[in-house]
2 protein chains.
Amino acid sequence: MEAGRLFAAQGYDRTSVAEVAKAVGTSPASVFYYFEDKASLFRAVFERDLPAAEALIARHVEAPDPVTAILDVLDALARDAADPSASGMLIELLRRAGDDPELLAVVGRTANVLREGLAALISRGITEGAIDPDLDATETAAWLQAIVDATYLNARPGHSPHIELHRTVLGYLNPPQGRQEEPNG
Amino acid sequence: MEAGRLFAAQGYDRTSVAEVAKAVGTSPASVFYYFEDKASLFRAVFERDLPAAEALIARHVEAPDPVTAILDVLDALARDAADPSASGMLIELLRRAGDDPELLAVVGRTANVLREGLAALISRGITEGAIDPDLDATETAAWLQAIVDATYLNARPGHSPHIELHRTVLGYLNPPQGRQEEPNG
DNA sequence: GTCTATACTCGGATAGAC
DNA sequence: GTCTATCCGAGTATAGAC
């Protein structure tokens with residue numbers, strides 16, 4: 001999707017359909033033949049995220065160690081955070097989601113899949129004694145998603161967010177004394 | 001600043017100068033008499049943030065307990081995070097900063113003041129043994145700022161991020177075993 | 001200093017030929 | 001299905017009266 005790069009680099013409003021058409025080697029009219037309007041062209045960029053999110057969760061939900069699985073999922077979500085244009089895309093997404101209810105629904109579905117998957121892993125971590133039982137699984141999952149967003153905001157070329165991300169997540173999930181070796185009596 | 005509310009609610013591009021003029025009870029021409037162009041009108045909203053940031057840091061930099069001071073500063077910065085329009089404003093800011101170098105400079109100065117203030121508190125916390133000495137003060141300060149920004153992006157009306165924020169920061173800063181009572185031999 | 005009126009540009013979307 | 005040509009609205013910024 002070439003349009004995605006342009007939207008990320010320049011923003012939605014400052015990227016004309018003519019520009020996108022040119023980048024793809026066609027005319028504006030042809031773009032409007034395939035997409036109802038400019039908004040739906042933008043949405044298309046995010047529609048591929050849902051199956052990717054489902055696959056990601058499916059790949060980790062049965063992992064032996066839930067905490068490791070959580071870190072792996074978050075790493076995957078933060079993978080693009082080193083790319084500064086990915087940060088631009090996140091911002092455009094947040095911005096457009098307020099104006100385009102259909103876009104909100106699209107990204108909402110993806111976010112729900114991720115949140116529920118993470119929440120399931122958190123619940124299991126609590127059961128196994130590796131995660132503080134005082135935490136609410138769903139609320140915590142939402143917070144971890146926000147932390148991933150923070151890695152995008154902190155994006156600097158060449159700087160990998162993995163270290164901060166891991167330390168942050170482990171520090172947040174761990175039971176008070178950092179103790180995690182006693183499932184139950 | 002009435003313009004700020006409109007920019008926050010609708011975004012920069014979707015807010016016309018005519019709209020701002022109407023809200024203030026004047027004409028577009030008068031707005032352009034006081035502001036060079038639309039971009040400088042937007043910048044004006046953020047110019048007041050620098051003195052506020054300086055005052056905030058000055059108020060806490062000498063506090064007896066650096067970790068408490070850090071939490072207080074971050075709480076102040078995250079105070080508006082429950083207000084969805086503040087979230088909109090941050091998004092517009094991030095978005096516009098990429099297009100307007102002068103705006104980038106304006107907010108850069110404010111961010112630097114905050115980062116340096118936080119870094120000073122972190123350094124002191126390390127010296128006093130309350131914060132993990134393996135952390136780099138400046139990098140950590142930048143990361144904490146990113147986490148605060150993330151609380152804005154994740155804003156839900158009525159939900160204050162204080163609890164998550166505190167737990168996250170304490171979990172991140174604490175020395176490995178949660179031990180913090182031995183400054184040095 | 002503030003207004004009305006408007007010049008000018010740009011971009012989304014469409015018409016209609018091929 | 002893809003093109004060229006174009007309509008149309010919107011919005012920044014300015015001219016010039018008062």
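In what follows, chains are A, B, ... by sequence order, proteins preceding strands, each numbered from 1. Not measured: the values here are computed from a predicted model.
B/Glu36 meets the salt bridge (charged side-chain N to carboxylate O under 4.0 Å, His left out) test with no other residue; sequence neighbours excluded. A search for salt bridge (charged side-chain N to carboxylate O under 4.0 Å, His left out) contacts involving A/Arg115 returns nothing, not counting sequence neighbours. Residues that satisfy the side chain to side chain contact (heavy atoms under 4.5 Å, CB included) test with A/Thr68, not counting sequence neighbours, are A/Asp65, A/Asp72. Not a single salt bridge (charged side-chain N to carboxylate O under 4.0 Å, His left out) links A/Asp136 to another residue, sequence neighbours left out. With sequence neighbours left out, A/Glu139 forms a salt bridge (charged side-chain N to carboxylate O under 4.0 Å, His left out) with B/Arg156.
For B/Tyr12 and D/dA10, the OH to P distance is 19 Å, given to the nearest whole Å. Remark: C1' of C/dA13 and CZ of A/Phe42 are 20 Å apart, rounded to the nearest angstrom. Residue B/Phe32 contributes atom CZ, which lies 19 Å from atom P of C/dG1 at whole-angstrom precision. The distance from atom CG of B/Asp37 to atom C1' of D/dT14 is 13 Å, rounded to the nearest whole Å.
The stretch residues 41-96 of chain B participates, sequence neighbours left out, in these ring-ring contact (aromatic ring centres under 6.0 Å, His included) pairs: B/Phe7-B/Phe42, B/Tyr12-B/Phe42, B/Phe42-B/Phe46. Pairs passing the side chain to side chain donor-acceptor pair (under 3.5 Å) check and including a residue from residues 47-59 of chain B, sequence neighbours excluded, do not occur.
Taking a cutoff of 4.0 Å between a charged side-chain nitrogen and a carboxylate oxygen, A/Glu2 and A/Arg5 qualify as a salt bridge.
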Problem - Annotated protein contacts, base or backbone, on nucleotides 2-7 of chain D with a non-hydrogen cut-off under 4.0 Å, one of B, S, - each - result: BBB---
Protein and nucleotides 6-11 of chain C: nitrogen or oxygen contacts under 3.5 angstrom:
none

